[in-house]
There are 2 protein chains.
Amino acid sequence: MSAELTGIADGEAAGTGTLGKAMAVLEAVVMADGPQRFTDILAKSGQPRGTLHRLLSHLVEEGLLVQRRDLSYEPGLRLLTLASRAWSGNRFRDVAEPHLRKLHELTGETVHLGILRETEIVYVDKVESRQTVRMSSQIGKASPVYCTGIGKAALSLLPQPELERLVARMAFHAFTPHTHRSAETLLAEIADIRRDGHAFDREEHEIEIRCVAAPIRVSGSDLTAGISVTGPAYRVSMEQLTAWSGAVRAAAAAIGEEAAIRLGPGRGGP
Amino acid sequence: MSAELTGIADGEAAGTGTLGKAMAVLEAVVMADGPQRFTDILAKSGQPRGTLHRLLSHLVEEGLLVQRRDLSYEPGLRLLTLASRAWSGNRFRDVAEPHLRKLHELTGETVHLGILRETEIVYVDKVESRQTVRMSSQIGKASPVYCTGIGKAALSLLPQPELERLVARMAFHAFTPHTHRSAETLLAEIADIRRDGHAFDREEHEIEIRCVAAPIRVSGSDLTAGISVTGPAYRVSMEQLTAWSGAVRAAAAAIGEEAAIRLGPGRGGP
DNA sequence: AATCTCGTTCCACATATCGGAACAAATAAG
DNA sequence: CTTATTTGTTCCGATATGTGGAACGAGATT
């Protein structure tokens, strides 16, 4: 989780000028688990005191952060408002939704839609069995590519150079005993995925959780995405997942084609 | 330094330095109804060409915007990720949720939780009858205070000077024939709301939609919020709403007290 | 009272931003 | 086919803007 500090090799994680710094500070606060005091942020961000203070002031003035009575900082409501528009105006999710639903009816398990961003998969929609009213808890959540079905599926669509560029930037964290630990094993599996057209998550991100995923390519757009059917290991065997793989691939293909048509004029992927 | 700039007469968001400009541009794109081309944004933002171009580049580099093949700009996924954290880490919503649910069970109608931000109400949670899986469509949505039950209820908690400062900045847009058109009528109703402890929306925002709302004050925090029970006019009469008002006030009070206790150590309202 | 920690403010300095203007590439018009 | 227009990108000197070390003061701690 603190692999971001590694800017060394890459050299450009440092943030684009002023805006980059502001966003880094914002992220430090938002990604933290509770209200952050000035000193907390000071340590995480590494910015000098004066600079950080002004940065925070600006973020508060913009409504991106809120300062509480005890002077600590929290995420501001403006983030929600911006994201709300970003999400509801997203045509790609709109196109995919009926397909997700169909897949859920077929399998009875949770279905995810995710989009590739850099070295992560961002979940954009979810259809689940027990309809918790919650904002699907995971919408907007970003998970590493190398340990998720959708992630590996999406990677399989990338041209090899691009793939290798991304893989080089990954820090393989072992979430479970089955998580990929090296670029080699990951790249090997990607080759298989290219052949099969679908990917599995064999309890690589969370123990007892499996999934089968298929990549989505939208011709004419450069967005790379994927869908998956996820379930607990005790209920869904690998055989079961394999049996579903055809339906998942078909749904992914359908979404890709439909999106290619309807994404032109309207608002497209994220 | 910005105290005098942000304070009084100016209704324009002058934009706090560089970050302010960047956010203004971001908002212009995000709030638009589709992908925005350079020229579109140029017109809306009023920034000079060179400046705008650099601003957009930075926003894209930060993942806040995405540039499509046809060079037009769209909201980026990073917004979703940030908001996801901002929402799920929000303790206030967490505290309120069971009360919303109870209110829903009692009334059978949709229940909203909203927080006051400047001159708008931002919806933070929602419990509705037909559990659409969707990210409650309205979470994060911002509506004007003067035409929503929660908005008017929240206003009723403000000290008079603060209230007048806000009212002075409102542009009364007539969404329906029943929408407040002037500060006078609004302020008059606020006085009533202070007396009654609850507010109604008499089809002021959307025709055929009514609600009863109560304000939430959290002692020790400076957040002002409210909850409401909303329903279609054909199903919920004003008498019905009045009958529910006691329960709504009670729920609001309970949320306020509980939040005051549990908001200290954890992450509070955004 | 003395010390420490934390947040805020100040100000000389440097640099990132600014924005007009030139440029290139499409698209439309003549 | 040539000329005009629109659209996006790049350049660069001037300067506004952000930078960050240091001083300040309010609370908490001893």
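Residue numbering restarts at 1 for every chain, and letters A, B, ... go by the order of the sequence lines. Quick caveat, the model's predicted, so the values are computed rather than measured.
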(message) Students should find this one: the first and last nucleotides of DNA chain C, 5' to 3', lying under 4.0 Å from a heavy atom of chain B. What are they?
(response) C/dT17 to C/dG20
(message) Does atom CZ (B/Arg117) have a neighbourhood of more than 12 heavy atoms from anything else shown, all under 6.0 Å?
(response) yes
(request) Check every strand shown and say whether B/Arg49 touches a base, only sugar-phosphate, or nothing at a heavy-atom separation below 4.0 Å. (result) base
What is the distance from [atom1] of [X] to [atom2] of [N], rounded to the nearest Å?
| X | N | atom1 | atom2 | result |
| --- | --- | --- | --- | --- |
| B/Asp70 | D/dT9 | CG | P | 11 Å |
| B/Arg54 | D/dG18 | CZ | C1' | 13 Å |
| B/Leu52 | D/dT10 | CG | C1' | 14 Å |
| A/Lys21 | D/dT17 | NZ | P | 17 Å |
| B/Leu56 | D/dG8 | CG | C1' | 11 Å |
| A/His58 | D/dT17 | NE2 | P | 10 Å |
| A/Glu61 | D/dT17 | CD | P | 14 Å |
| B/Asp40 | D/dG8 | CG | C1' | 13 Å |

(request) With the side chain counted from C-beta on, respond yes when A/Leu64 and A/Val30 share a heavy-atom pair under 4.5 Å apart, and no when they do not. (result) no
Please tabulate the protein-to-nucleotide N/O contacts below 3.5 Å involving nucleotides 27-30 of chain D, giving atom names and distances.
none

(message) Could you check whether A/Arg37 pairs with A/Asp40 (Lys NZ or Arg NE/NH1/NH2 to Asp/Glu carboxylate O, under 4.0 Å)?
(response) yes
(message) If the threshold is 4.0 Å, N to carboxylate O, is there a salt bridge linking A/Glu27 and B/Arg78?
(response) yes
(message) Less than 4.0 angstrom between a side-chain N/O of B/His53 and OP1 or OP2 of D/dT9, yes or no?
(response) yes
(request) Apply the side-chain contact (heavy atoms from CB on, under 4.5 Å) test between A/Leu56 and each candidate in A/Thr51, A/Leu26, A/Ile41; give the one that qualifies. (result) A/Ile41
(message) For A/Leu113, run the side-chain contact (heavy atoms from CB on, under 4.5 Å) check against A/Val95, A/Ile150, A/Ile216 and tell me which one passes.
(response) A/Ile216
(request) Determine the sole option in B/Gln67, B/Gln36, B/Arg68 for which the side-chain hydrogen bond (donor to acceptor under 3.5 Å, both in side chains) test with B/Tyr73 is passed. (result) B/Gln67
(request) Could you work out which one of D/dG18, D/dG8, D/dT9 sits closest to the side chain of B/Arg37? (result) D/dG8
(message) For a quick check under 3.5 Å, do B/Arg54 and B/Gln47 share a side-chain donor-acceptor pair by atom type?
(response) no
(request) Without swapping roles, check the side chain of A/Ser57 against the backbone of A/His53 for a donor-acceptor pair under 3.5 Å. (result) yes
(request) Report the residue (A/Leu71 or B/Gly50) whose heavy-atom-nearest nucleotide on DNA chain C is the more 5′ of the two. (result) A/Leu71
